[in-house]
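Letters A, B, ... mirror the listed sequences (proteins, then strands); counts begin at 1.
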Amino acid sequence: MPELPEVENYKIYIDSTALHQRITAMDCRDQRLLKQSKSDFDSHLINQEFKATQRIGKYLFVETTGEKILVIHFGMTGRPNYYKSEDDRPQYAHIQLTFENGFHFAFENKRKFGWWDLTSSVAEFKAEHNLSDDARNLKLDDFKDSLENRKTDIKKILMDQSVAAGVGNWMADEILYQAKMHPTKKVEDLTPEDIERVFDCMKTVIEVAIENDAHYSDFPEHFLMHFRKEGATCFHTGADIKKIKVGGRTTYFSPQWQEL
DNA sequence: CGTTATGTTTCACT
DNA sequence: CAGTGAAACATAAC
């Protein structure tokens, strides 16, 4: 379920399990998850070690002792897993590395929207994929610049990875609920104060989610995440939470609370 | 059987 | 060229 806070969690998990061990094997059950040939991955990963990780939005970069950087995107259903026995290989662990100590590192991906790639430079990759700075570190001025001349719904803008890398569907809903702003409010109609409020709420949602290890049930009681389902009522107004489509994505919001 | 799912990429259209 | 919207991608679960 990876948006920025979940991927941050994965980064911490990988940092605490899979670094500094020689990779002895790589197995991939579905070539479609690899953006480069399997032999390229073999030649750049086998006999190398993971050195450090770096996250931009939902993308995780793994520096290795080799010349290439491994890029991991988790898609909608991806997560890492580290375990000792091959018998513990999860059902959807389509990619699995083996380390010299016998442990395994798996890339679980039920729905196969995630992938692995290799790159020579994080900066280059970031530019090629039109990624903004990570939403957690994003500056208000850059955020404001990105909103210039945009005419579409604020929710779509928030989910645009070239505006605020890392914000996905649930975070966009949460940010707008906290900011008391309707998801289809047009960016061109926002005042500078509106933009700052959305920006501040984005930062708050990110930090709260990371503090709670992206564990939704631990979020504060006034967070939409607890009501992001049909039949729920708004914490503030008691009115029904509404479900609509914005930019093709399911969107939950509280009508009176978030005015257009 | 139909619908839906937390994401990105591609393509057609303005 | 820039901005936008819809479709496509692959699969499981309800």
Side-chain angles (χ1 to χ4, degrees), chain A residues 1-10 28-36 55-61 71-80 90-95 107-117 119 125-132 134-135 145-177 183-189 202 205-206 208-210 212-219 223-232 241 243-253:
Chain A
M1 325 167 182
E3 293 183 29
L4 186 155
E6 290 92 343
V7 179
E8 179 66 19
N9 234 14
Y10 297 165
C28 179
R29 291 174 172 165
D30 193 330
Q31 191 71 33
R32 290 172 300 185
L33 299 180
L34 304 180
K35 297 275 193 184
Q36 309 293 332
R55 185 187 57 72
I56 301 178
K58 305 165 198 172
Y59 297 74
L60 192 66
F61 300 87
V71 189
I72 298 179
H73 194 289
F74 295 92
M76 273 178 150
T77 55
R79 65 177 180 190
Q91 183 181 1
Y92 303 111
H94 300 305
I95 304 176
F107 180 64
E108 291 188 59
N109 219 271
K110 195 190 299 187
R111 209 170 142 198
K112 295 184 179 174
F113 275 7
W115 44 257
W116 282 21
D117 198 355
T119 189
F125 186 94
K126 179 171 178 259
E128 280 172 5
H129 289 255
N130 286 316
L131 291 178
S132 74
D134 184 72
D145 287 347
S146 298
L147 267 53
E148 286 283 325
N149 303 321
R150 302 299 294 268
K151 297 187 187 331
T152 193
D153 307 333
I154 181 63
K155 171 161 179 180
K156 294 181 63 179
I157 293 294
L158 282 175
M159 289 197 298
D160 184 335
Q161 300 303 294
S162 70
V163 172
V167 176
N169 199 31
W170 77 253
M171 286 184 73
D173 283 359
E174 188 67 64
I175 291 163
L176 293 171
Y177 183 72
T184 63
K185 181 101 177 172
K186 296 292 180 282
V187 174
E188 56 192 325
D189 297 333
M202 176 175 81
V205 168
I206 290 169
V208 168
I210 290 176
N212 289 288
D213 304 322
H215 201 266
Y216 306 147
S217 59
D218 292 339
F219 287 4
F223 265 45
L224 176 66
M225 189 50 93
H226 301 298
F227 317 103
R228 212 174 164 282
K229 53 193 157 195
E230 284 195 277
I241 294 291
K243 178 180 165 182
I244 57 174
K245 289 272 186 196
V246 178
R249 308 301 300 278
T250 300
T251 299
Y252 294 90
F253 74 106

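- Of the charged side-chain nitrogens involved, at least one lies within less than 4.0 Å of a carboxylate oxygen, so that Lys186(A) and Asp153(A) count as a salt-bridged pair.
- dC9(C) atom P lies 16 Å from atom CG of Leu33(A), rounded to whole Å.
- Lys58(A) is listed as a side-chain neighbour of Gln161(A), based on a closest heavy-atom distance under 4.5 Å.
- Judged purely by atom type and a 3.5 angstrom limit, Asn9(A) has no side-chain atom pairing as donor or acceptor with the backbone of Pro5(A).
- Stems are defined here as 3 or more consecutive Watson-Crick or G-U wobble pairs with pairing distances under 3.5 Å; those involving DNA chain B are B:2-5 with C:11-14, B:7-14 with C:2-9.
- A gap of 14 Å separates the P atoms of dA10(C) and dC11(B), to the nearest Å.
- The side chain to side chain donor-acceptor pair (under 3.5 Å) check on Arg79(A) picks up Glu108(A), with sequence neighbours excluded.
- The distance between atom CG of Asp160(A) and atom C1' of dA2(C), rounded to the nearest whole Å, is 13 Å.
- You'll find that the side chain of Tyr92(A) is closest to dA12(C), out of dT6(B), dA12(C), dT11(C).
- The separation between Tyr10(A) atom OH and dT6(B) atom P is 14 Å, rounded to whole Å.
- Atom CZ of Phe219(A) is separated from atom P of dT6(B) by 15 Å (rounded to the nearest Å).
- One can place CG of Asn130(A) at 10 Å from P of dA2(C), the figure rounded to the nearest angstrom.
- For Asp173(A), the side chain to side chain donor-acceptor pair (under 3.5 Å) partners at least two apart in sequence or on another chain are Lys155(A), Arg228(A).
- Residue contacts shown for Phe74(A) are absent, as no nucleic acid heavy atom lies under 4.0 Å away.
- Every residue meeting the ring-ring contact (aromatic ring centres under 6.0 Å, His included) condition with Phe107(A), not counting sequence neighbours, appears here in chain and number order: Phe74(A), Trp116(A).
- The NZ atom of Lys186(A) sits 14 Å away from the C1' atom of dG3(C) (whole-angstrom rounding).
- Every residue meeting the side chain to side chain donor-acceptor pair (under 3.5 Å) condition with Lys112(A), not counting sequence neighbours, appears here in chain and number order: Asp30(A).
- For the OP1/OP2 pair of dA5(B) and a distance below 4.0 Å, the side-chain nitrogens and oxygens of Thr250(A) include at least one atom meeting the criterion.
- OP1 and OP2 of dC9(C) both lie 4.0 Å or more from every side-chain N or O belonging to Arg32(A).
- Scanning for side chain to side chain donor-acceptor pair (under 3.5 Å) contacts around Thr184(A) gives His182(A), with sequence neighbours left out.
- Residues satisfying the side-chain contact (heavy atoms from CB on, under 4.5 Å) criterion with Glu148(A), sequence neighbours excluded, are absent altogether.
- For Lys156(A), the salt bridge (Lys or Arg N to Asp or Glu O under 4.0 Å) criterion is met by no residue, not counting sequence neighbours.
- Here the separation of dT6(B) from dT4(C), taken at their C1' atoms, is 23 Å to the nearest Å.
- Residues that satisfy the salt bridge (Lys or Arg N to Asp or Glu O under 4.0 Å) test with Asp160(A), not counting sequence neighbours, are Arg150(A).
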Revision key, fill the gap. Per-nucleotide protein contact along nucleotides 7-14 of chain B, 5' to 3', at a 4.0 Å heavy-atom cut-off (B base, S sugar-phosphate only, - neither), is BSS-----

List every contact pair, protein side and nucleotides 4-6 of chain C side both N or O, where the distance is under 3.5 Å.
unit_1, atom_1, unit_2, atom_2, d
dT4(C), OP1, Lys151(A), N, 2.8
dT4(C), OP1, Thr152(A), N, 3.3
dT4(C), OP2, Arg150(A), NE, 2.7
dT4(C), OP2, Arg150(A), NH2, 3.0
dG5(C), OP2, Thr152(A), OG1, 3.0
dG5(C), OP2, Lys156(A), NZ, 2.1

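- Taking side-chain N and O atoms only, Lys112(A) has a distance below 4.0 Å to OP1 or OP2 of dT11(C).
- Applying the salt bridge (Lys or Arg N to Asp or Glu O under 4.0 Å) rule to Lys35(A) yields no partners; only residues at least two apart in sequence or on another chain are considered.
- In this structure, Lys229(A) places its NZ atom 15 Å from P of dT6(B), rounding to the nearest Å.
- In this structure, the NZ atom of Lys245(A) is 12 Å from the P atom of dA7(C), given to the nearest Å.
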